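Take a look at the structure below.
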Amino acid sequence: MVIRSLKASRFRCLADAELEFDPRYNLIYGQNASGKTSLLEALAYLGRGKSFRAAPVQAVVQHGERDFVVFGRVLNRNREVSVGVRNGRESLEVRIDGDSGKGIAELADILPLQVIDPEVHSLVSGGPEQRRRYLDWMVFHVEPGYLVAWRRFRRVLKQRNSLLKQGANRRDLASWDEEFVTLAAEIHRIRRAVLERALPRIEVIAAQLLEDEVALSYRPGWRVGSSLEEALDASRERDQQLGSSQVGPHRAELRIDASDRQAKRLVSRGQQKLLASALILGASDVVQTAMGRPILLLMDDPAAELDRESLSRILEGAVGLGTQLIVTSLDPELIRLPSAPRLFHVEQGLVKAMS
């Protein structure tokens with residue numbers, strides 16, 4: 001998978017940006033607030049249908065405009081595919097080769113991507129929902145049947161929660177609980193199988209970047225040693241009090257430990273950034289191997305909060321994946337790559353190709 005080009009209109013500060021990318025290394029440089037991150041954000045929309053900055057749509061559309069449009073050409077499985085995303089006051093519209101009947105799952109399949117940005121440390125220091133998203137990104141790309149099971153489970157979870165809010169009794173919940181348990185077991189089985197495949201590679205890359213031993217463990221969302229049926233029964237009164245299901249795979253946790261310490265207790269943001277970056281590189285490697293094709297890796301100001309040696313280790317890890325890299329930096333001299341990247345300079349939303 002290689003993204004060949006990007007066009008972005010009415011997107012943040014960008015002035016109708018058009019870029020043609022190198023299949024391996026690309027470097028975007030410029031001052032703060034010039035539009036570097038916005039370019040990566042536009043690329044992320046092509047693979048995720050949303051911003052990696054967790055920004056609301058109204059913050060992305062240029063002032064006074066109704067919507068933005070992002071368009072790209074992607075080489076996918078030896079075939080060029082056109083991908084377009086429009087969003088704004090109306091609902092999200094996705095077009096793939098001109099067909100508008102597509103969704104975010106199709107985007108993710110055509111342009112699988114990961115992001116290492118200045119907030120990547122929150123993968124380690126933040127709440128369990130971020131690590132669940134990280135795990136599910138990997139599982140989605142490795143196990144094709146996972147998305148169907150997850151969507152079915154979410155529908156059952158939504159219905160169960162609705163009944164809980166209405167004060168439903170045990171009998172009312174019984175039929176939904178049966179399907180809840182069946183689907184939860186399937187999600188747990190798939191997650192655990194993929195994670196068992198992935199853990200050795202992730203832990204090796206994490207140890208290389210952090211120069212420390214790292215271990216990951218998965219907690220399914222209910223107490224280990226008890227069945228989900230037992231956990232649901234024990235949690236029923238609490239579920240009814242809170243109006244939502246307190247056990248299940250939507251409550252799963254991926255625990256990260258380094259040198260016998262819970263990783264979120266690592267003192268410096270730089271250490272957390274190294275560990276989080278290693279987790280992303282490891283998952284990217286696992287996904288690429290499973291799919292038999294590279295992903296797109298976006299790196300937004302990787303030098304932030306890192307010394308030169310740590311930055312070098314992250315870049316070496318990214319280069320070692322063999323993926324297409326698009327990197328931003330205040331100073332292009334800081335980003336050392338095996339061969340000259342295609343250079344782009346951004347100033348006040350204007351993008352100029354330098355090589």
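All of these numbers come straight from a predicted model, not from anything done at the bench.
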Identify the heavy atoms of N76 and I110 that sit nearest to each other, and give their distance. ND2-O, 2.9 Å
Please answer: with hydrophobic residues joined when any side-chain heavy atoms are less than 4.5 Å apart, are V148 and I104 in the same cluster? no
Is any side-chain heavy atom of S9 less than 4.5 Å from a side-chain heavy atom of R86? no
hydrophobic_cluster_shared for M291 and L325, side chain cutoff 4.5 Å: yes
Indicate yes or no: at least one non-hydrogen side-chain atom of D22 is less than 4.5 angstrom from one of P341. no
Rounded to the nearest 0.5 Å, how far apart are CZ of R10 and CG of D67? 4.5 Å
Starting from L147, can I reach L92 by hopping between I/L/V/M/F/W/Y residues whose side chains sit under 4.5 Å apart? no
R293 atom CZ: more than 12 heavy-atom contacts under 6.0 Å: yes
Mark yes when over 12 heavy atoms from residues, nucleotides or ligands other than K352 sit less than 6.0 Å from its NZ; otherwise mark no. no
Consider only side-chain N and O atoms of N161 and S244, and report whether a donor and an acceptor are under 3.5 Å apart. no
In this structure, CD of Q58 is separated from CG of N87 (nearest 0.5 Å) by 10.0 Å
Judged by atom type as modelled, is there a donor-acceptor pair below 3.5 Å linking the side chain of R95 to the main-chain atoms of G84? no
E90/R66 salt bridge by N-O under 4.0 Å criterion: yes
What is the ring orientation for H141 with W137, classed by angle as parallel under 30°, tilted 30 to 60°, or perpendicular over 60°? perpendicular
Can you check whether R48 reaches V115 side chain to side chain, under 4.5 Å on heavy atoms? yes
All heavy atoms of F140 vs all of A105, minimum pair found to be CZ-O, 3.9 Å
State whether the number of non-hydrogen atoms from other residues, nucleotides or ligands found under 6.0 Å of E129 atom CD is greater than 12. yes
Any donor-acceptor N/O pair, K165 side chain to G243 backbone, under 3.5 Å: yes
L209 vs L281 side-chain heavy atoms within contact, under 4.5 Å: yes
Tell me whether D285 contacts the main-chain N or O of G282 through its side chain, where contact means a donor paired with an acceptor under 3.5 Å. no
Any chain of hydrophobic side-chain contacts (each under 4.5 Å) joining F21 to I116? no
Q288 side chain to L321 backbone, donor-acceptor under 3.5 Å: yes
Using every non-hydrogen atom in the two residues, find where P302 and K273 come nearest and quote the distance to one decimal. O-NZ, 3.1 Å
With side-chain hydrogen bond (donor to acceptor under 3.5 Å, both in side chains) as the criterion, how do S162 and Q166 come out once you've worked through the C-alpha distance, each side chain's angles and the decisive distance to 0.1 Å? CA-CA 6 Å; S162 177; Q166 296 169 31; 3.1 Å; yes
If we check side-chain contact (heavy atoms from CB on, under 4.5 Å) with K36, which of these qualifies: L330, V327, V351, D301? L330
Taking every heavy atom of P112 against every heavy atom of I295, the minimum-distance pair comes out as O-CB, 3.3 Å
Thinking salt bridges, do D109 and R77 make one under a 4.0 Å N-O criterion? yes
Are side-chain heavy atoms of V81 and R79 found at a separation under 4.5 Å? yes
Point-to-point distance, once rounded to the nearest 0.5 Å, from CZ of R53 to CG of D117: 9.0 Å
Whether E203 side chain and L216 backbone form a donor-acceptor pair below 3.5 Å: yes
Output, in order, the C-alpha distance, side-chain angles, deciding distance and verdict of side-chain contact (heavy atoms from CB on, under 4.5 Å) for R336 and S312. CA-CA 8 Å; R336 301 301 179 91; S312 177; over 6 Å; no
Criterion side-chain contact (heavy atoms from CB on, under 4.5 Å) on L113 and L43, from CA distance to verdict: CA-CA 9 Å; L113 62 86; L43 286 163; 5.6 Å; no
Less than 4.5 Å apart, side chain to side chain, heavy atoms only: is that true for L164 and L173? yes
Q348, CD atom: more than 12 neighbouring heavy atoms under 6.0 Å: no
Electrostatic pair R133-D136, nearest N-O below 4.0 angstrom: no
Cationic N near anionic O, under 4.0 Å, E211 to R313: yes
Is there a side-chain contact between L27 and Y25, using heavy atoms and a 4.5 Å cut-off? no
Evaluate the side-chain proximity of D177 to R236: yes if any heavy-atom separation is below 4.5 Å, no if none is. yes
Side-chain donor or acceptor of E80 paired with backbone N/O of L75 under 3.5 Å: no
For the backbone of D307 and the side chain of S310, can you confirm whether one donor and one acceptor N or O come within less than 3.5 Å of each other? no
S122-Q130 side chain donor-acceptor pair, cut-off 3.5 Å: yes
Let's go through F180 and L157 carefully: what are the C-alpha distance in whole Å and the side-chain angles of both, what is the deciding distance for side-chain contact (heavy atoms from CB on, under 4.5 Å) to 0.1 Å, and is it a yes or a no? CA-CA 7 Å; F180 183 98; L157 175 64; 3.8 Å; yes
Minimal non-hydrogen separation, A59 against R12, with atom names: O-NH1, 3.3 Å
Has E106 got a side-chain atom pairing as donor or acceptor with G103's backbone, closer than 3.5 angstrom? yes
Do the rings of F153 and H250 sit parallel, tilted or perpendicular, given the 30° and 60° boundaries? tilted
Check step by step if side-chain contact (heavy atoms from CB on, under 4.5 Å) holds for V83 and L111. CA-CA 9 Å; V83 181; L111 187 59; 6.0 Å; no
Closest heavy-atom pair, M138 versus V194, reported as atoms and distance to 0.1 Å, is CG-CG1, 4.2 Å
Above 12 or not: heavy atoms from other molecules or residues under 6.0 Å from CD of Q31? no
Distance from R269 atom CZ to L274 atom CG, nearest 0.5 Å? 13.0 Å
Would you say L297 and Y134 are hydrophobically clustered, going by side-chain heavy atoms of ILVMFWY under 4.5 Å? yes
Drop me the distance from T328's OG1 to N26's CG, to the nearest 0.5 angstrom. 12.0 Å
Without swapping roles, check the side chain of R132 against the backbone of A252 for a donor-acceptor pair under 3.5 Å. yes
Measure up the Y45 and F11 rings against each other and bin them: parallel (under 30°), tilted (30 to 60°), perpendicular (over 60°). perpendicular
For the pair R191 (side chain) and Y218 (backbone), establish whether a donor and an acceptor sit closer than 3.5 Å, ignoring hydrogens and angles. no
Distance check, rounded to the nearest 0.5 Å: H188 atom NE2 versus E186 atom CD? 11.5 Å
Pair R73 + E20: basic N to acidic O under 4.0 Å: yes
